[in-house]
Undergrad: 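First the structure, which I've put down as structure tokens, then a few questions once you've had a look.
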Amino acid sequence: MLAEAAGLGTIGKHGLLINPRFGPNLRIATLYIDVENLPVNNINEHLWIRKFCQKCNNCQRKCPGSAIYKETKIFADGSKQCIDYKKCAIPFANQYNCTVCVKECLFYKRGYSKIKEKFHRKYLDLGKK
Ligand code: SF4
Ligand code: SF4
């Protein structure tokens with residue numbers, strides 16, 4: 001969620017950050033630093049991905065543990081839960097960390113720019129009708 005807040009990408013239906021350069025294929029870590037007046041980025045140009053995920057659902061269909069929620073749970077404090085961790089744990093342990101949700105994500109298969117272009121064209125075209 002911090003990476004999303006920093007504008008580095010958007011959390012996909014599978015609960016992983018989708019980044020324009022690496023898709024869902026990256027590991028992220030938080031560094032806490034002690035710097036005053038650090039500029040804060042409040043702009044995230046990747047939030048359209050949420051809409052795309054609502055139509056796609058590929059990771060949810062292909063997940064061997066049926067662990068990915070079709071509707072992401074959103075709690076009162078704004079935090080989200082995208083997967084059932086107990087259901088994920090079995091394929092994750094049995095299939096070498098699984099990673100089906102990464103490999104099946106369209107942002108891994110096709111790349112960010114192609115999807116963005118097609119998705120925006122389709123939406124803009126629909127808006128004209
Ligand atoms: S790691 Fe495997 S089981 Fe877990 S959410 Fe991803 S696809 Fe499903
Ligand atoms: S596979 Fe589709 S629904 Fe799942 S995170 Fe990737 S783009 Fe979103």
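Order of appearance sets the numbers: ligands from 1, and atoms from 1 within every ligand.
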Undergrad: Relative to each other, are the rings of His120 and Trp48 parallel, tilted or perpendicular (30° and 60° limits)?
TA: perpendicular

Undergrad: So how far is it from Lys13 NZ to Lys80 NZ, rounded to the nearest 0.5 Å?
TA: 11.0 Å

Undergrad: Quick one: do Lys109 and Glu104 make a salt bridge, cutoff under 4.0 Å?
TA: yes

Undergrad: Would Cys63 count as a contact for atom 8 (Fe) of ligand 1, in the sense that one of its N, O or S atoms lies under 2.8 Å from it?
TA: yes

Undergrad: Hey, would you say the Phe107 and Phe52 ring centroids sit under 6.0 Å apart?
TA: yes

Undergrad: Just which atoms of ligand 1 are under 4.0 Å from any heavy atom in Cys101?
TA: 1 (S), 6 (Fe), 7 (S)

Undergrad: Return the CG to NZ distance between Asn58 and Lys103, rounded to the nearest 0.5 Å.
TA: 14.0 Å

Undergrad: I'd like to know if Glu4 and Arg50 make a salt bridge, using a cut-off of under 4.0 Å between side-chain N and carboxylate O.
TA: yes

Undergrad: Considering Leu16, Ile11, Asn57, Ile115 one by one, which has a heavy atom nearer to atom 3 (S) of ligand 2 than any of the others?
TA: Asn57

Undergrad: Just jot down the ligand 2 atoms closer than 4.0 angstrom to any heavy atom of Phe52, in number order.
TA: 7 (S)

Undergrad: Is the terminal nitrogen or CZ of Lys114 (NZ for Lys, CZ for Arg) located under 6.0 angstrom from the six-membered ring centre of Tyr112 and within 45° of that ring's axis?
TA: no

Undergrad: Go through Ile18 and His14 one step at a time and tell me if the side chain to side chain contact (heavy atoms under 4.5 Å, CB included) criterion holds.
TA: CA-CA 10 Å; Ile18 295 173; His14 45 32; 3.9 Å; yes

Undergrad: Please report which non-hydrogen protein atom sits nearest to atom 6 (Fe) of ligand 2, along with the residue it belongs to and the distance in Å to one decimal place.
TA: Cys105 SG, 2.5 Å

Undergrad: Over all heavy atoms of both residues, which pair between Cys82 and Ile11 is shortest? Give the atoms and the distance, please.
TA: SG-CG2, 4.2 Å

Undergrad: Only heavy atoms of Phe107, strictly under 4.0 Å: list the atoms of ligand 2 that pass.
TA: 7 (S)

Undergrad: I need the atoms of ligand 1 closer than 4.0 Å to a non-hydrogen atom of Pro91, numbered in the order shown.
TA: 3 (S)

Undergrad: Among all protein non-hydrogen atoms, which one is nearest to atom 2 (Fe) of ligand 1, and what is the separation to 0.1 Å?
TA: Cys98 SG, 2.2 Å

Undergrad: Pro64 heavy atoms, cut-off 4.0 Å: which ligand 1 atoms fall inside?
TA: 7 (S)

Undergrad: Using a distance threshold of 2.8 Å, state whether an N, O or S atom of Cys56 lies below it from atom 2 (Fe) of ligand 2.
TA: yes

Undergrad: Any idea which protein heavy atom is nearest atom 4 (Fe) of ligand 2, and the distance to it?
TA: Cys59 SG, 2.3 Å

Undergrad: Checking a contact table here: which protein heavy atom is nearest atom 8 (Fe) of ligand 2, and how many Å away?
TA: Cys53 SG, 2.3 Å

Undergrad: Going by the atom numbers of ligand 1, which of them fall below 4.0 Å from some non-hydrogen atom of Val100?
TA: 7 (S)

